[in-house]
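Structure, as structure tokens:
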Amino acid sequence: MVDKINLAGFKDAVLKSASAEKSALIDKYNEMKKLKFSEIENGILSKAYTAIQKDIDAIRNEYRAKIAAAEQDARKKLIEKRLSIEEKVFEKATVNILAFTESPAYKDFLVKKAEEIKTDLPSCDGMKILLRAKDMVYKSELENIISSAKAEECETIKLGGFIINAAEKNMRFDCTLDSLLKEQRKHFLTTANIQVD
């Protein structure tokens with residue numbers, strides 16, 4: 001009977017031990033399973049996060065490119081508009097200048113400019129007053145004011161005015177309406193406040 005009790009106790013002890021080991025193994029298995037699922041889940045989430053970030057970066061880059069293209073297009077249109085305005089302004093200025101050269105005030109302008117510049121001129125031989133063909137009618141008035149110079153026709157002057165050329169002294173005095181208009185064109189964008197940065 002002792003053997004039966006010992007055997008029953010041994011059996012119970014073995015079953016208890018086996019049950020404890022089984023529980024421990026199941027717990028360890030569940031823990032490892034949980035850890036493995038957690039690792040897999042983290043891997044999937046990490047890959048998903050990376051993919052989402054790539055998509056977000058691609059979208060940002062696409063919109064940046066679209067914004068840059070739109071800004072460039074707007075800048076181009078603004079420059080074209082500015083150039084159009086500039087051309088219209090200077091076409092009208094040219095028409096007004098040519099109308100001025102047809103008025104009696106133009107002769108007064110030429111005489112006044114010649115009087116002003118006369119004091120700055122060097123005394124030398126071979127000085128020339130260059131005029132456009134249409135202004136050769138003022139030749140004698142200008143030669144009387146600047147007595148050391150002779151008037152000649154100059155094809156490069158289109159709008160009016162004159163150039164005093166003192167080749168001997170290597171000096172040139174440009175009093176043409178052409179150069180005045182050219183200078184105004186340089187300052188137009190700043191003065192008109194339509195610069196494009």
Side-chain angles (χ1 to χ4, degrees), residues 1-102 109 132 154-161 163 170 172-197:
M1 187 117 111
V2 174
D3 289 337
K4 274 189 178 181
I5 294 176
N6 280 342
L7 208 50
F10 178 72
K11 180 181 170 187
D12 286 339
V14 169
L15 285 176
K16 240 185 193 180
S17 175
S19 179
E21 276 187 49
K22 177 183 168 188
S23 288
L25 284 172
I26 289 173
D27 288 344
K28 192 169 185 172
Y29 170 77
N30 284 336
E31 205 176 298
M32 287 177 67
K33 183 172 138 183
K34 197 177 194 181
L35 185 63
K36 192 67 174 170
F37 279 136
S38 178
E39 285 176 14
I40 292 170
E41 184 180 31
N42 286 341
I44 291 170
L45 288 175
S46 178
K47 286 178 183 176
Y49 177 80
T50 302
I52 290 169
Q53 287 303 312
K54 283 182 182 178
D55 288 346
I56 289 171
D57 288 343
I59 291 168
R60 279 187 186 140
N61 290 336
E62 180 183 339
Y63 280 106
R64 283 182 188 138
K66 285 181 181 179
I67 290 169
E71 285 175 350
Q72 187 173 0
D73 188 47
R75 184 178 302 280
K76 181 181 174 188
K77 287 179 182 175
L78 187 59
I79 289 170
E80 287 170 357
K81 184 68 175 171
R82 182 196 72 191
L83 290 173
S84 170
I85 291 169
E86 182 181 348
E87 282 307 310
K88 287 177 185 174
V89 166
F90 283 93
E91 282 174 14
K92 188 171 183 174
T94 301
V95 168
N96 289 340
I97 288 170
L98 290 172
F100 168 69
T101 62
E102 299 296 323
F109 166 79
R132 68 182 179 145
C154 178
E155 292 180 11
T156 60
I157 301 172
K158 304 294 181 198
L159 298 176
I163 297 171
N170 202 22
R172 181 179 169 98
F173 299 89
D174 190 339
C175 299
T176 61
L177 297 173
D178 304 63
S179 63
L180 290 173
L181 186 64
K182 189 176 179 180
E183 281 301 311
Q184 283 303 309
R185 193 172 203 127
K186 288 179 186 175
H187 299 292
F188 172 73
L189 297 176
T190 306
T191 308
N193 199 21
I194 55 172
Q195 291 183 336
V196 178
D197 296 325

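Heavy atoms only: backbone and side chains are in, while hydrogens, waters and symmetry mates are out.
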Tell me, with the steps shown, if K81 and I85 meet side-chain contact (heavy atoms from CB on, under 4.5 Å). CA-CA 6 Å; K81 184 68 175 171; I85 291 169; 4.2 Å; yes
Given the rule in the salt bridge (Lys or Arg N to Asp or Glu O under 4.0 Å) test, do K186 and E183 qualify, once you have shown the distances and angles that lead to the verdict? CA-CA 5 Å; K186 288 179 186 175; E183 281 301 311; 3.2 Å; yes
Do the side chains of D73 and K77 get close enough for a salt bridge, i.e. N-O under 4.0 angstrom? yes
Give the minimum heavy-atom separation between C154 and T156, together with the two atoms involved. SG-OG1, 3.0 Å
Would you call F109 and T101 a side-chain contact if the rule is heavy atoms closer than 4.5 Å? no
Donor-acceptor contact present, side-chain S38 to main-chain K34, <3.5 Å: no
When you look at E102 and L98, which way does the side-chain contact (heavy atoms from CB on, under 4.5 Å) test go after all the steps? CA-CA 7 Å; E102 299 296 323; L98 290 172; 6.0 Å; no
OG1 on T176 to CZ on R132, rounded to 0.5 Å: 11.0 Å
Please check if the number of heavy atoms outside E62 that lie under 6.0 Å from its CD is greater than 12. yes
Taking NZ, NE, NH1 and NH2 as the nitrogens, is one of them in D57 or R60 under 4.0 Å from a carboxylate oxygen of the other? yes
Between K92, R185, R82, which is the residue that forms a salt bridge (charged side-chain N to carboxylate O under 4.0 Å, His left out) with E87? R185
Judged by atom type as modelled, is there a donor-acceptor pair below 3.5 Å linking the side chain of S23 to the main-chain atoms of S19? yes
If you draw a 6.0 Å radius around CD in E39, do more than 12 non-hydrogen atoms from other residues or ligands fall strictly inside? yes
Could you give the distance from CD (E91) to CD (E86), rounded to the nearest 0.5 Å? 11.0 Å
From M32 atom CE to L25 atom CG, the distance as rounded to the nearest 0.5 Å: 10.5 Å
Take a 6.0 Å sphere around CD of E80 and say whether it holds more than 12 heavy atoms from other residues, nucleotides or ligands. yes
N42 side, atom CG; L35 side, atom CG - distance, nearest 0.5 Å: 9.5 Å
Calculate, to the nearest 0.5 Å, the distance between atoms CD and CG belonging to Q184 and L177 respectively. 11.5 Å
Interatomic distance, CG@L159 vs CG@L180, rounded to 0.5 Å, equals 9.5 Å
Keeping the roles fixed (side chain from D178, backbone from I157), state whether a donor-acceptor pair exists under 3.5 Å. no
Crowding at CG, N96 (>12 non-hydrogen neighbours, <6.0 Å): yes
Given side-chain contact (heavy atoms from CB on, under 4.5 Å), test I163 with F173 step by step and report yes or no. CA-CA 6 Å; I163 297 171; F173 299 89; over 6 Å; no
